[in-house]
*Asks:* 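Have a look at this one before I ask anything.
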There are 2 protein chains.
Amino acid sequence: MENLDKKHVTTFEEHLEKRYGAPGTDQRIAFEAKAKAFAIGELIKEERRLSNMTQEELALKTGTKKSFISRIENGKSDIQLSTLYRILEIGLGKKVSFTIE
Amino acid sequence: MENLDKKHVTTFEEHLEKRYGAPGTDQRIAFEAKAKAFAIGELIKEERRLSNMTQEELALKTGTKKSFISRIENGKSDIQLSTLYRILEIGLGKKVSFTIE
DNA sequence: ATTCTTGTACCATTATTCGTTAACTTTACG
DNA sequence: CGTAAAGTTAACGAATAATGGTACAAGAAT
């Protein structure tokens, strides 16, 4: 094995930097926030399953369709705040609050 | 003063019911979630002032413009989740987490 | 009162969510 | 297996968030 490159990407942080620019830059800021936002679907999926509901049931309770729930759970949408409230608070019967430390 | 109506709207809850339907209905669900979402601006404004920042400084940090921050703080937008993260986490250095009870 | 800073209001454009239907895929189970 | 339920995906229009810019208004400081 020879060393083709003097320097190559190894860590995830280096990858991000190469791909989206250094931390603090506009592009990078947007990327990081988006990544977090899209990850909320996992939490929703978890909570839904704990509540023993199907996507269709959750959709019915929140006044939407199962296809929309699926999109969210699979991280395909940067949902609006009201949508998060609708699903977590009303659909799953959990009380949501922001913890700001 | 005469009593024109046998029954009239008095409480806020009655007003909501008349206007947006009974609790549990789709329209009402959407309304309540929207109301909460638009109210997040107050929290942001509060946190920003505690951090001794101007709207312009916050805007710069989050890669946007002060006019946008102003709109949010005054409850004129149902922001996306990534926008919340950008402002509270990246802009104000607060850790945002959802507490689900 | 005048200037400087901070914040708000508008406008135009772009990008994305939301709502929905329908078709398709995967999973569960008799 | 085969079939039904559950979940995913694509596609569409409509509504609206995001963005950049500019002009205006309100407050603070001198």
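Just so it is clear: chains get the letters A, B, ... in the order the sequence lines come, proteins before strands, and each one is counted from 1.
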*Asks:* Tell me every residue that passes salt bridge (charged side-chain N to carboxylate O under 4.0 Å, His left out) with A/Lys94, counting only those two or more places apart in sequence or in another chain.
*Replies:*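 If we apply the salt bridge (charged side-chain N to carboxylate O under 4.0 Å, His left out) test to A/Lys94, skipping adjacent residues, the hits are A/Glu47.
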*Asks:* Sequence neighbours excluded, which residues qualify as side chain to side chain donor-acceptor pair (under 3.5 Å) partners of B/Lys61?
*Replies:*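 For B/Lys61 there are no side chain to side chain donor-acceptor pair (under 3.5 Å) partners, ignoring immediate neighbours.
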*Asks:* Can you sort out the partners of A/Ser70 under side chain to side chain donor-acceptor pair (under 3.5 Å), two or more places apart, ordered by chain and number?
*Replies:*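 A/Ser70: side chain to side chain donor-acceptor pair (under 3.5 Å) contacts with A/Asn74.
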*Asks:* Rounding to 10°, can you tell me the angle the first-five-pair axis of the helix from C/dA1-D/dT30 to C/dG30-D/dC1 makes with its last-five-pair axis?
*Replies:*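 Nearest ten degrees gives 50° for this helix.
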*Asks:* If the sugar-phosphate is the primed atoms plus P, OP1 and OP2 and the base is the rest, what is the B/S/- string for nucleotides 16-22 of chain D, using protein heavy atoms under 4.0 Å?
*Replies:* -SBBSB-
*Asks:* Applying side chain to side chain donor-acceptor pair (under 3.5 Å), name anything that partners A/Glu73, two or more places apart in sequence or on another chain.
*Replies:*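 With sequence neighbours excluded, A/Glu73 shows a side chain to side chain donor-acceptor pair (under 3.5 Å) to A/Arg48, A/Gln55, given in chain and number order.
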*Asks:* Which pairs of donor and acceptor atoms, one on a side chain in residues 84-92 of chain A, lie under 3.5 Å apart (sequence neighbours left out)?
*Replies:*
residue: A/Arg86; atom: NH1; partner: A/Thr62; partner atom: O; Å: 3.2
residue: A/Glu89; atom: OE1; partner: B/Lys36; partner atom: NZ; Å: 3.2

*Asks:* Over how many whole Å does the gap from B/Ile69 atom CD1 to C/dA9 atom P extend?
*Replies:*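 Computing the B/Ile69:CD1 to C/dA9:P distance gives 15 Å.
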*Asks:* Between the protein and nucleotides 28-30 of chain C, list the N/O to N/O atom pairs that are separated by less than 3.5 angstrom.
*Replies:*
none

*Asks:* How close or far is atom C1' of D/dA6 from atom CD of A/Glu73, stated in whole angstroms?
*Replies:*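 Result: 11 Å.
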*Asks:* Could you tell me which residues satisfy side chain to side chain contact (heavy atoms under 4.5 Å, CB included) with A/Thr54, sequence neighbours excluded, listed by chain and number?
*Replies:*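 Partners of A/Thr54 by the side chain to side chain contact (heavy atoms under 4.5 Å, CB included) criterion, ordered by chain and then number, come out as A/Glu56, A/Glu57.
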*Asks:* According to a 4.5 Å side-chain heavy-atom criterion applied to Ile, Leu, Val, Met, Phe, Trp and Tyr, with indirect links allowed, do A/Val96 and B/Ile29 form part of one hydrophobic cluster?
*Replies:*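 No, it is not one cluster - the side chains of A/Val96 and B/Ile29 are not joined through contacts under 4.5 Å.
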*Asks:* So which heavy atom on A/Ala37 is nearest to which on B/Ser82, and how close?
*Replies:*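 The pair with the smallest heavy-atom distance is CB-N, 3.4 Å.
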*Asks:* Quick one, which residues of residues 42-59 of chain B touch DNA chain D with a heavy atom under 4.0 Å?
*Replies:*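 Residues of residues 42-59 of chain B under 4.0 Å from DNA chain D: none.
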*Asks:* Any side-chain heavy atom of A/Thr64 sitting closer than 4.5 Å to one from A/Leu58?
*Replies:*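 Not touching, per the 4.5 Å side-chain cut-off.
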*Asks:* When you measure from the side-chain N and O atoms of B/Ser70 to the phosphate of C/dG7, is any distance below 4.0 Å, counting only OP1 and OP2?
*Replies:*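 Looking at the OP1 and OP2 atoms of C/dG7, neither is under 4.0 Å from any side-chain N or O of B/Ser70.
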*Asks:* If I compare all heavy atoms of A/Arg28 with all of A/Ala22, which pair ends up nearest, and what's the gap?
*Replies:*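 Scanning both residues completely, I find the closest heavy atoms to be CB-O, 3.3 Å.
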*Asks:* For A/Leu60 and C/dT20, what is the distance between atoms CG and P respectively, to the nearest whole Å?
*Replies:*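 Interatomic distance, CG of A/Leu60 to P of C/dT20: 12 Å.
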*Asks:* Would you say a side-chain N or O of B/Asn74 is under 4.0 Å from OP1 or OP2 of C/dT8?
*Replies:*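 For C/dT8, OP1 or OP2 has a side-chain N or O of B/Asn74 closer than 4.0 Å.
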*Asks:* With ring-ring contact (aromatic ring centres under 6.0 Å, His included) as the rule and sequence neighbours excluded, what pairs involving residues 29-53 of chain B come up?
*Replies:*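 Pairs touching residues 29-53 of chain B that pass the test: B/Tyr20-B/Phe31.
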*Asks:* With B/Lys34, which residues qualify under salt bridge (charged side-chain N to carboxylate O under 4.0 Å, His left out), at least two apart?
*Replies:*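 Only B/Asp78 meet the salt bridge (charged side-chain N to carboxylate O under 4.0 Å, His left out) criterion with B/Lys34.
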*Asks:* Could you tell me if the side chain of A/Glu14 sits less than 4.5 Å from the side chain of A/Lys18, heavy atoms only?
*Replies:*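 They are not in side-chain contact.
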